Amino acid sequence: MSKKIVVIGSSNIDLIMQVERLPIPGETITGGIFHQTFGGKGANQAVGAARSGGDVTFVSCLGDDSFANDIIESFKEDGINTKHVFTKEGIATGTALIMIDQAGENCITVAPGANYELLPEHIDAIENTLQEASYLLLQCEIHPATLSYIIDKAWQLGVKTILNLAPARDLLEEQLAKLHLLIVNESEAAFLLKSPVDTIEQAKAAAHTLAEKVAHGVIVTLGAKGSYTVTADDAFMIAAKQVKAIDTTAAGDIFCGALTTALVEGMPLAEAIRFASAASAVAVTRLGAQDSAPTRAEIEAML
Ligand code: ADP
């Protein structure tokens, strides 16, 4: 069986400000510390999968600014195949403004830019690569019409799709049914089900309801509490590793990337989730998105 992973999604420049506390509307807070890093949920997940040991091809669209080459070089340093990273003239690379307070809580705004220029025609152009993949990993920072097109295409090609519904968006039932795995956090689960998911009991109930709608299974991630998974014949909680979190920005992204690597290697789902939890536990102890993604050795040490 193929060991290849295709990740399709966003690439962003992350402009990060560490502040004592998050401002309220209209307020200015000074004394921050500034960093610039590469992010975007798609790119973060591609790096998470590659650093954890996956053979990753990343499909994304960048702008024609000075960031694009730097981003591509950084993907190459992580061993990611960039032959399907497209660039679009006259538009900015996706940009995220991120504020992080002392407790590690964050507040983020995003300009999708070139990410919304990834179109169905690009997906048609990469059909051969997609067909060779064992798993396709998706998130929701690309245009909704392109996302739907990809889900349909992967289903037709028989490629297993893992969708991290982040940021949350509505999805047709017929598209949910084409997902091998759906990964949501508590707020994304609440959005999808239009009902609150604030307690572990509500998260478990949400996972059971959502599992009825997808092809194989649902994982509801619960931050420092871990995650709850439901498939047709199993339901289980996996606790998070106990660490001192300093920045949870890409916890879910690293989780999704590492999980895909583990599944491609043939790990059973529960073992793959333990591997992913260890990866994200390392990531939350560091600042940044892609910067925080751990290597295989670091994940194994955490396990
Ligand atoms: P998202 O970033 O999408 O909101 P979560 O916050 O639920 O996702 O985190 C995803 C996974 O990352 C969790 O299931 C858990 O395994 C791990 N994780 C998140 N926060 C922490 C933390 N503070 N300590 C340890 N592990 C964490």
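Everything quoted here is computed from the prediction, not taken from an experiment. Residues: numbered from 1 along the sequence shown. All ligand and atom numbering here is 1-based and tracks the order in the structure.
Here the protein heavy atom with the shortest distance to atom 14 (O) of ligand 1 is Gly226 O, 2.8 Å. Taking atom 9 (O) of ligand 1 as the reference point, the nearest protein heavy-atom neighbour is Ala251 CB, 3.8 Å. Nearest protein heavy-atom neighbour of atom 26 (N) of ligand 1: Ala240 CB, 3.7 Å. The protein atom (non-hydrogen) at minimum distance from atom 3 (O) of ligand 1 is Gly252 CA, 3.5 Å. The nearest heavy-atom contact from the protein to atom 25 (C) of ligand 1 is Lys241 O, 3.1 Å. Taking atom 27 (C) of ligand 1 as the reference point, the nearest protein heavy-atom neighbour is Gly223 O, 3.9 Å.
Taking distance alone, with nitrogen or oxygen atoms compared against 3.5 Å, Ser280 approaches ligand 1 more closely than that limit. Of the N or O atoms in Ala250, none lie within a sub-3.5 Å distance of an N or O in ligand 1. Residue Thr221 has at least one nitrogen or oxygen atom sitting less than 3.5 Å from a nitrogen or oxygen atom of ligand 1, judged on distance alone. Ligand 1 has a nitrogen or oxygen under 3.5 angstrom from a nitrogen or oxygen of Asn185.
Checked against a 6.0 Å centroid threshold, the rings of Tyr228 and Phe236 do not count as neighbours.
Less than 4.0 angstrom separates some heavy atom of Ala245 from each of these atoms of ligand 1: 23 (N). Using a 4.0 Å cut-off to heavy atoms of Val243, the atoms of ligand 1 that qualify are 24 (N), 25 (C). Every atom of ligand 1 is numbered from 1 in the order shown, and the set under 4.0 Å from a heavy atom of Ser277 is 16 (O).
Using a 4.0 Å cut-off between a side-chain N of Lys or Arg and a carboxylate O of Asp or Glu, Lys153 and Glu127 qualify as a salt bridge. Using a 4.0 Å cut-off between charged nitrogen and carboxylate oxygen, Arg286 and Asp247 do not count as a salt-bridge pair. Taking the charged nitrogens against the carboxylate oxygens, Glu141 and Arg169 have no contact shorter than 4.0 Å, which rules out a salt bridge. Ionic pairing of Lys4 and Asp55 is present here: one or more N-O contacts between side-chain nitrogen and carboxylate oxygen are shorter than 4.0 angstrom.
If you check the side chains of Gln139 and Asn164, you find no donor sitting under 3.5 Å from an acceptor. For His143 and Tyr149, the side-chain atoms include no donor-acceptor pair closer than 3.5 Å. Side-chain polar atoms of Gln290 and Thr37 form no donor-acceptor pair below 3.5 angstrom.
Here the side chains of Thr249 and Ile100 are in contact, with some heavy-atom distance below 4.5 Å.
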